[in-house]
Amino acid sequence: MTLRTRFAPSPTGYLHIGGARTALYCWLEARHRGGQFILRVEDTDRERSTDAAVRAILDGMAWLGLQPDEGPFFQTQRMDRYRTVAQALLDAGKAYYAYESKAEIEAMRAAAMARGDKPRYSGAYRDRNEPCREDPNRVLRFKNPQTGSVVFEDKVKGRIEWNNAELDDLVLIRSDGFPTYNFAVVVDDIDMAITEVIRGDDHVNNTPRQINLYHALHADVPAFAHLPMILGPDGQKLSKRHGAVSVTQYREDGYLPHALLNYLVRLGWSHGDEEIFSIAQMVELFDIGDVNQSASRFDLAKLGWLNQQYLKNDDPNDIAPELVWHLQRIGLDPAGGPDPAEVIVALRDRVQTLKEMAMRARIWYAPIDQWDEQAVAKHLRAEGAADVLRAAQMKFAAMPQWSPQSIHLAIEQLAAECNIGMGKVAQPLRVAITGTQVSPSIEHTVYLVGRDQALRRIEDAMAKMSC
RNA sequence: GCUCCCUUCGUCUAGUGGCCCAGGACACCGCCCUCUCAAGGCGGGAACACGAGUUCGAGUCUCGUAGGGAGCGCCA
């Protein structure tokens, strides 16, 4: 039997970091073992599910490159199937109707708590064998075994044993006729032939009752792997407070999908001392059984470092479209300036994100809009700066070829001729070209702005100096 | 309250009884390089939650304590 995993988000919001890692692990496990990865949308909560959320999840997965082999399937389209299975369970005497109102159940829970038990349903209708009747409170409940225990070998957490006495008779079909989560998942996972259920460890508690359902339905029980949570930097549950939680927000913040994937795969899993993994390596090395058991915190600094690694090592031409996207986002016209791939090479040692890169690239795509007056005072109004700029301007105008190498040579010559250090040439030039005292190497700064623009900006700077 | 899960540097982790007076990475600090800012190179500080037990020997096995988390829904 081939291995099949599934990612089963509920469309009540965007794809968040925790969900993305679950999806990644499901996808990797399937790829690693030559199996299939299925996407199923758990939208039985009609109040909170939205089409926009479905789209957001699909977009997030597409951006990350986690394409499902099958799906998306939607639970709302399988209602008949759940009802059929529920009926079968009822006919087999493994389920029964119960008619308590919500208030009565509340009272039951309170009473159990008062006794020091966990709040649970009493099973009052379990053995009454009453004839079925119409009632707004009618739900179908599962006859959970009352004795013995459920044992399963979790691929991440190890052996987990649960006493059936701890479990109450869960609702299968709600009073509105819709299936509950625990019932729908089991039916779906059976129908979709899922062999390995990988999900967040907030589901461990559901697993024993689901296993009992598998047994009642005479189905093979899949393997389970429960992933520890991802916490915010402060150790608290990840939330909007912590900045970006949505995967698409990471695109907007300038991260490469590969970097995010790499960060996520290392959060809870490792392979010796390795930090950087190509997608192919992840697929080759990942094993769900090697995943850690404890929760981990999200560390933006490390993601930033990883992102820069990819910025530095990927082919600039591959990254260029992403940079163009960011340039346009901040209102810059990529056509009105240098080749984005060359910009990437000039800036990738200096920034961690494409968003920062786009902002720093402004100097080449737009005129100087604001002068750093401190820089002007220090470098432009300095002794001899005017002569240096004039000389540079002449050299630049006369150069047969416009390239970083030739510019570098020209500046070196100029420094030698005037018998001054590189700094005395580079800094005034930098301020003239960019309006600030921080930019990439001077030859790239000058080169990327283009010859015409360089000559013009030097001219403007000299005009500024004299007034 | 009850049940279940978790616990190695600030963070992510290596470690499957001797190779560990605990290794790597990020972050931090220092030095070098240097036209600014970076990147890079070199170096530094920094952890086995606590207590018993098993063993010749424990980060590694067992039990307990403390701390953290999850679940206990006609939510998923």
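Throughout, a chain's letter reflects where its sequence line sits, starting with A, and its residues are numbered from 1.
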Measuring to OP1 and OP2 of [N], would you say a side-chain N or O of [X] lies under 4.0 angstrom away?
{"X": "A:R266", "N": "B:G24", "value": "no"}
{"X": "A:R159", "N": "B:C5", "value": "no"}
{"X": "A:K118", "N": "B:C4", "value": "no"}
{"X": "A:S270", "N": "B:C12", "value": "no"}
{"X": "A:S296", "N": "B:U13", "value": "yes"}
{"X": "A:N292", "N": "B:A14", "value": "yes"}
{"X": "A:Q293", "N": "B:C6", "value": "yes"}

Which of parallel (below 30°), tilted (30 to 60°) and perpendicular (above 60°) describes [X] and [Y]?
{"X": "A:H271", "Y": "A:F277", "result": "perpendicular"}
{"X": "A:F298", "Y": "A:Y250", "result": "tilted"}
{"X": "A:W269", "Y": "A:F286", "result": "tilted"}

When we call it a touch if two heavy atoms are under 4.0 Å apart, what does [X] touch: a base, just sugar-phosphate, or nothing?
{"X": "A:T12", "value": "nothing"}
{"X": "A:D168", "value": "nothing"}
{"X": "A:R141", "value": "sugar-phosphate"}
{"X": "A:Q308", "value": "sugar-phosphate"}
{"X": "A:H203", "value": "base"}
{"X": "A:G200", "value": "nothing"}
{"X": "A:S439", "value": "base"}
{"X": "A:E412", "value": "nothing"}
{"X": "A:E42", "value": "sugar-phosphate"}
{"X": "A:V204", "value": "nothing"}
{"X": "A:I442", "value": "base"}
{"X": "A:P233", "value": "nothing"}
{"X": "A:R109", "value": "sugar-phosphate"}

Problem - Of A:D202, A:D201, A:I198, A:L267, the residue whose pairing with A:L227 passes side-chain contact (heavy atoms from CB on, under 4.5 Å) - result: A:I198
Nearest whole Å is fine: how far is [N] [atom2] from [X] [atom1]?
{"X": "A:K424", "N": "B:U34", "atom1": "NZ", "atom2": "C1'", "answer": "16 Å"}
{"X": "A:E443", "N": "B:C35", "atom1": "CD", "atom2": "P", "answer": "11 Å"}
{"X": "A:N163", "N": "B:C72", "atom1": "CG", "atom2": "C1'", "answer": "15 Å"}
{"X": "A:E153", "N": "B:C4", "atom1": "CD", "atom2": "P", "answer": "16 Å"}
{"X": "A:I173", "N": "B:G73", "atom1": "CD1", "atom2": "P", "answer": "18 Å"}
{"X": "A:H271", "N": "B:U16", "atom1": "NE2", "atom2": "P", "answer": "14 Å"}
{"X": "A:Q352", "N": "B:A27", "atom1": "CD", "atom2": "C1'", "answer": "11 Å"}

So which nucleotide from [options] ends up closest to the side chain of [X]?
{"X": "A:N137", "options": "B:A39, B:C74, B:A76", "answer": "B:C74"}
{"X": "A:R297", "options": "B:U3, B:U11, B:C35", "answer": "B:U11"}
{"X": "A:S441", "options": "B:U36, B:C5, B:A70", "answer": "B:U36"}
{"X": "A:K157", "options": "B:G71, B:G24, B:C5", "answer": "B:C5"}
{"X": "A:I160", "options": "B:A76, B:C74, B:C4", "answer": "B:C4"}
{"X": "A:W305", "options": "B:G1, B:C74, B:C26", "answer": "B:C26"}
{"X": "A:V438", "options": "B:U36, B:U7, B:A70", "answer": "B:U36"}

Mind checking the [atom1] distance from [N] to [M]? Whole angstroms is fine.
{"N": "B:C26", "M": "B:U65", "atom1": "C1'", "result": "34 Å"}
{"N": "B:G64", "M": "B:C6", "atom1": "P", "result": "14 Å"}
{"N": "B:C48", "M": "B:G59", "atom1": "P", "result": "11 Å"}
{"N": "B:A46", "M": "B:A39", "atom1": "P", "result": "25 Å"}
{"N": "B:U60", "M": "B:C20", "atom1": "C1'", "result": "11 Å"}
{"N": "B:U54", "M": "B:C21", "atom1": "C1'", "result": "24 Å"}
{"N": "B:C75", "M": "B:G67", "atom1": "C1'", "result": "29 Å"}
{"N": "B:G18", "M": "B:C61", "atom1": "P", "result": "12 Å"}

Handout entry: Short side-chain to backbone donor-acceptor contact, A:D372 and A:T436, under 3.5 Å
Key = no
Practice task
Check whether any side-chain N or O of A:T353 sits under 3.5 Å from a backbone N or O of A:G254 as a donor-acceptor pair, and report yes or no.
Solution key: no
Problem - CG-CD distance between A:D253 and A:E356, expressed to the nearest 0.5 angstrom - result: 10.5 Å
Fill in the blank from the handout: In this structure, CZ of A:R348 is separated from CG of A:D314 (nearest 0.5 Å) by 9.5 Å
Does [N] pair with anything, Watson-Crick or G-U wobble, both distances under 3.5 Å, and if so, with which nucleotide?
{"N": "B:C61", "value": "B:G53"}
{"N": "B:C72", "value": "B:G1"}
{"N": "B:G67", "value": "B:C6"}
{"N": "B:G30", "value": "B:C42"}
{"N": "B:A25", "value": "B:U11"}

Exercise for the section: Provide the closest heavy-atom pair for A:M399 versus A:S406 in the form atom of the first, atom of the second, distance. Expected result: CE-OG, 3.2 Å
Exercise for the section: Answer yes or no for A:R133 and A:Y99: cation-pi contact, defined as NZ/CZ to six-membered ring centre under 6.0 Å and angle to ring axis within 45°. Expected result: yes
Exercise for the section: Assess A:R141 against A:Y121: is NZ or CZ under 6.0 Å from the centre of the six-membered ring, and within 45 degrees of the ring's axis? Expected result: yes
Provide a list of protein-nucleic acid N or O atom pairs under 3.5 angstrom, restricted to nucleotides 30-33 of chain B.
none

Practice task
Salt-bridge test for A:D191 and A:R78: reply yes if a basic N is under 4.0 Å from a carboxylate O, no otherwise.
Solution key: yes
